Structures are given as structure tokens and as C-alpha cells.
Peer 1: 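What follows is a single structure, and I will ask about it in a moment.
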Amino acid sequence: MPVICWFRRDLRLADHRALHAAVAASAGEVIPVFIFDDAILHDGYVGAALTGVTLAMLTALDHDLRQLGSRLIVRHGQPLAELQALVRETQASGVYWNRDYLPYAIKRDTAVKLWLRQAGLQAHSFHDSVLVEPEGLKTKGQQKPYLVFGSYVKRWSELAYAQAEQLVPAPTKLVPPDADLSSLPIPSLADLGFELQQTLPTLGEAAAQQRLSQFFDRRRSLSVLKYDDARELPAEAGTSQLSVDLRMGSISIRQCLQRAVDLLTEPLSAEQRQGVDTWIKELAWRDYYTQLIYHNPQMLKQSLDPRYDQIEWRNDPAEFSAWQQGQTGYPIVDAGQRQLNQMAWMHNRVRMISASFLVKDLLIDWRWGERYFMQQLCDADPTANNGGWQWAAGSSGPSAQPYFRIFNPIAQSKKHDPHGTYIRRFVPELANVPNRYIHEPWTMPQTLQEHLGCVIGRDYPAPLVDHGFARERALAAYREALQQPAEE
DNA sequence: CGATAGTTGAC
DNA sequence: TCAACTATC
């Protein structure tokens, strides 16, 4: 009897636990299914870039399945109803899937599991998309979920490393679904009501494997061995570029960790070892935020520390618009926002600078920024994005980013883009501005501005706000909100 | 309980 | 040094 393998954010064949188990249970008679869900597609957070990524990944998955003699069955509707129809049509004995930990997904999957059990069918869900599941790691004494990353990560490694030793292979052959089992064509973006200007990277499992190999290629000048320093430089390609693959599951998180752990067994300098360790820590952040939101689902809508929702945000629409378009007058912020608008991706260091600027300098509610990033980023992931924004706002509990630590966009720019390479790449108006002025072009003498054809206020915006002033304003607003006890 | 520490900072 | 607080063991 066939079984259904329900693909969601795990669009690959290698080290896919639900697929592996489904193949074993059915002797390869697996119905691979993806269901477009309007509740997700039109929730106001999902943008053209993430949707485009999903479509490309599905096309690649279908292609890869066909290499094994099978094909992807695509449906569109309410997941429960669609699965019920598919079970009827295929006489499947059950449904297999990898677990997802967001509130909507939990509710959806629980309903599916309940129906399957009541119908006497198999319901099998798997630990797959994270290294350590949210219930898998609690504090020692009280068995409570962790709030502090440092404490979490101390005990995370051992559990995570054990997972990295348990990879399962991709199937080598699959029984094709019945020829008359209907499948929708993979839609175009326009079909789904989206329009995408940006060019996306090459996507799919093969592309993901290539990105992983490149990042771990010791011969390349910017491999994981240089990650500790190189990740801070937005002008360099010093990051793994795997965020989109980890978002859609075109690569297995266990395989990522396995590569890193393998590399650590080789002789490495202290600096190289630090690069690998730091990257592994980034994988831990992913699990940390997953469990934080799993145990505190309200933080998707509110600050984890409710006092931060008492901040009197200014929420100026014109300033928000200027930030979105990369017209704040702060070159590093504008470069970041324009990179986002041009590439549907932004370097992580600049995400932090830009987020801090929106929240602290402009005093705009972090949720506005969170939503815009979700709509624009090709790697948009509710968990990582919410975690990152709450961190920038300082609002996620016992934060190591206290509210009085306010990023200075000029100092950050000098430190992480010292030659202005990144700025000039995305802000062409500033291409001819000398290094001395590139981080704060409004300090250029008037004659130089005119000589360069880069007059502040005409060719490039004057700063939206003075950082020194904005810093004091933010400190006052935060102090005021935090002094008051939290309202219910 | 008391001791210790808190992603990536700024002034 | 910044301000004090809280999570964790």
C-alpha cells in the first residue's frame, strides 16, 4: 500500500527522515505531495521573493523525483481537506511528514494527525528540521525552556552532535504514483498574485549542496575557516549563503553540522577553529529561536518582555518609507535596504545595523521592520526574523543587548565596511565620495559636494535624523517604558 | 541559596 | 564605565 510523504519546508531527498521512513514502510511506493495553502500564501507576511524561492525549489524537487521514477503531486487548498482527498484517491495507508514548530503549523498538523488516527490510518511525524527539538532541551533544575542563549548553547552541542551522526540516505528508486493521479502544474508567481523584480540565486538541492561544498572548500580564500572575521564584512562573500536552503529544507541541517564537525577533526589554527565554532553557534541560534517561540508563541505578535510594548513608538510613515527605500541619508543603512530591494537578501551584519536604526534612531515599532523583512527576504523565516528583530529592539527577555546599547550607524559602517566598498556597490550616488567622507557624506565641504556632483539634499538625502539626538530620544523612550510595570 | 554571567556596543 | 536585573546552576 502506498503512503503519502507530505513535503512542507523540507524540499529535498537526501537525509529526509519522513521520506526515508515512508520509503521503508511502503517499499518505495511513496506519494510525494506539496499543498499550497492560501492561509500562508496570503497572510500578508509572505512576499514575492519567498514565494518565488518556493516555486523554484518545488520545480527542482519535482525534477529530482523524476530522476527516481516518481513525480511531485501538487495540490492547492486546505491541507487537511487535500490530504483527505489524496488518501481517498490513492488508498494510502498513512501520511508521513517532518515536524514544524510554529503555532499555525502545530495546529494544522495536530488536526491532520487526529483525523488520521480516527480513520485508522498511520500518522508519522519526524524530528528533522532542527538539530534539537523544542522539547528536547530544558533547564537542569526546573525543566523549564531556556531564555538565555548562552545557557542554552552550553548544553545544545552534545545533543546536536549526536544528531549529526544520524544521516539517512536519499532513496535510489521510487515507485511512480498512478498515471491518473492528478497534480496541478507548479504555478507561476503571477498565478499566485505576486510579482518579482529580483533575480533569485540558483535553487534546489543540487545548488544547496554546491553552496555547502564551496563554504567548506579549504582552497577558497573565504571558507568557513575565515568565517569568524569575514562574516562581519558585508562587502565580502564571507557567509555560507545557506539561509535560503535552511529555510526551505533544500539542505539538511544535520549534514551542515556534520561537515563542520568533520572539519574540526583536521589540524586547524586557532583562528580557523574559531571560524568553524562560530558557524556552528549560528546553527544553535536557529534551534534556540525555534524553541523560544515554541514555548512563547505570543512573541510572534508581542515583545517577549511585555514592558517593551509600552514604548511610545513614533511610527512616522514618511520615515518608514525612507528606510524601506534606502533613503535615510545614512550610507550603510541605505546600502543595506537597497541590497534588500535589489537582491531580496541582505548581509546579516547590515540587517542588525538597519534594524537598530529603524527601531532606535527612528523609534519605529520593530514589528513594522519585521514585516517588511518577511515580505522582501528570499530567506524569510518567521522564527529567525522575529528573533532577530526582538533582539535588535532589546525586547526578548534577559537580553544581552540592553536597551542603552544603541548601534552607532557611522561607527558600525567604519568598522565593517572600512573602505566603503559595500556602500558604493549599492548607493551609486556616493561612488565618487572619498573614503574619508563615505560613512557620513553630509560632512563633506560644500565645494567638494558640488565638485563631485554629490550635493547632500539634492543628489543624496541629508540624514533623516541626527544620531546623537536620536540616541538620547530612544534612551528616554525606553527608560520611560521600562520604568513602568508591565500592563496585561 | 549565593555566585556568576549575559552574541556580534558605545562613549 | 555604562544600570540594574534576571536566568541559571
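Values below: every heavy atom of this structure, side chains too, minus hydrogens, waters and symmetry copies. Each chain gets a letter, A, B and so on, in the order its sequence line appears, and its residues count up from 1. Note that the coordinates shown come from a computational prediction; the quantities given were computed from them, not determined experimentally.
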Peer 1: Specify the separation, in whole Å, of atom NZ of A:K281 and atom C1' of B:dT7.
Peer 2: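 One finds 7 Å between C1' of B:dT7 and NZ of A:K281, rounded.
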Peer 1: What interatomic distance, in whole Å, is found between C1' of C:dA4 and the corresponding atom of B:dT8?
Peer 2: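 Taking atom C1' in both B:dT8 and C:dA4, they lie 22 Å apart.
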Peer 1: Is A:N386 reaching over with its side chain to a backbone N or O of A:P382, donor-acceptor style, under 3.5 angstrom?
Peer 2: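 No, A:N386 side chain to A:P382 backbone: no donor-acceptor pair under 3.5 Å.
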Peer 1: Salt bridge between A:D466 and A:R471, side-chain N to carboxylate O under 4.0 Å?
Peer 2: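 No, this pair does not count.
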Peer 1: Test for a donor-acceptor pair under 3.5 Å between the base of B:dT7 and the side chain of A:W391, counting only N and O atoms.
Peer 2: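 Under the 3.5 Å cut-off, the side chain and the base do not form any donor-acceptor pair.
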Peer 1: In whole angstrom, give the distance that lies between atom OH of A:Y403 and atom P of C:dA3.
Peer 2: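 For the pair A:Y403 OH and C:dA3 P, the rounded distance is 8 Å.
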Peer 1: Starting at atom CD1 of A:I406, determine the distance to atom C1' of B:dT8, rounded to an integer number of angstrom.
Peer 2: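 Between C1' of B:dT8 and CD1 of A:I406: 17 Å.
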Peer 1: Please classify the nucleic acid contact of A:E282 as base, sugar-phosphate, or nothing, using heavy-atom distances under 4.0 Å.
Peer 2: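 Contact class for A:E282: base.
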Peer 1: Rounded to whole angstrom units, what separation is found between the OH atom of A:Y146 and the P atom of B:dG6?
Peer 2: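 Checked: the OH to P distance equals 14 Å.
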Peer 1: Which one, B:dT7, B:dT8, B:dC11, comes nearest to the side chain of A:E232?
Peer 2: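 Among the listed nucleotides, the one closest to the side chain of A:E232 is B:dT8.
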Peer 1: Determine the interatomic distance between P on C:dT6 and the same-named atom on B:dG9; round to the nearest Å.
Peer 2: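 These two P atoms come out 25 Å apart once rounded.
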Peer 1: Salt-bridge test for A:R367 and A:D309: reply yes if a basic N is under 4.0 Å from a carboxylate O, no otherwise.
Peer 2: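 A salt bridge is present here (some side-chain N lies under 4.0 Å from a carboxylate O).
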Peer 1: Checking contacts here: which listed nucleotide (B:dG9, C:dT8, B:dA10) is nearest the side-chain heavy atoms of A:N408?
Peer 2: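 Of the candidates, B:dA10 comes closest.
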Peer 1: Measuring only the P atom in each nucleotide, how far is C:dC9 from B:dT7? A whole number of Å is fine.
Peer 2: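 To the nearest whole Å, 13 Å.
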Peer 1: Does any non-hydrogen side-chain atom of A:M248 lie less than 4.5 Å from one of A:L203?
Peer 2: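 They are not in side-chain contact.
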Peer 1: Consider the side chain of A:F407, meaning its heavy atoms from C-beta on, and name the nucleotide among B:dT7, B:dG9, C:dC9 that approaches it most closely.
Peer 2: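 Side chain of A:F407 sits closest to B:dG9.
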Peer 1: Should C:dA7 form a Watson-Crick or G-U wobble pair with both distances under 3.5 Å, which nucleotide is its partner?
Peer 2: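 Answer to the pairing question: B:dT4, which forms a Watson-Crick or G-U pair with C:dA7.
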Peer 1: To the nearest Å, give me how far apart CZ (A:R307) and P (C:dT6) are.
Peer 2: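 Distance check: A:R307 CZ to C:dT6 P gives 7 Å.
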Peer 1: Please report the distance, rounded to the nearest Å, between NZ in A:K415 and P in B:dT8.
Peer 2: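 To the nearest whole Å, that distance equals 10 Å.
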Peer 1: Under the 5.5 Å and 30° test, is A:F404 stacked on the base of C:dC2?
Peer 2: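 Not stacked: fails the 5.5 Å / 30° test.
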Peer 1: Looking at every strand, decide which applies to A:Q412 at a 4.0 Å heavy-atom threshold: base, sugar-phosphate, or nothing.
Peer 2: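 Sugar-phosphate, no base atom in range.
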Peer 1: Is it true that A:D15 and A:R259 make a salt bridge, defined as a side-chain N closer than 4.0 Å to a carboxylate O?
Peer 2: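 Not counted as a salt bridge, because no side-chain N and carboxylate O are separated by less than 4.0 Å.
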Peer 1: Report the distance from atom CD1 of A:I332 to atom P of B:dT8, rounded to the nearest whole Å.
Peer 2: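 Whole-Å distance recorded here is 19 Å.
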Peer 1: Among C:dA3, B:dT7, B:dC11, which nucleotide sits nearest the side chain of A:R471?
Peer 2: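 Of the candidates, B:dC11 comes closest.
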Peer 1: Please give, in whole Å, the distance from B:dT8 C1' to A:R405 CZ?
Peer 2: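 Those two atoms, CZ and C1', are 9 Å apart.
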Peer 1: Can you tell me the base-pairing partner of B:dG9? Count Watson-Crick or G-U wobble geometry only, both distances below 3.5 Å, and say none if there is no partner.
Peer 2: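 C:dC2 is the nucleotide pairing with B:dG9.
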Peer 1: Under the side-chain contact (heavy atoms from CB on, under 4.5 Å) test against A:Q327, which residue among A:Q337, A:R338, A:E319 passes?
Peer 2: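 The passing option is A:R338.
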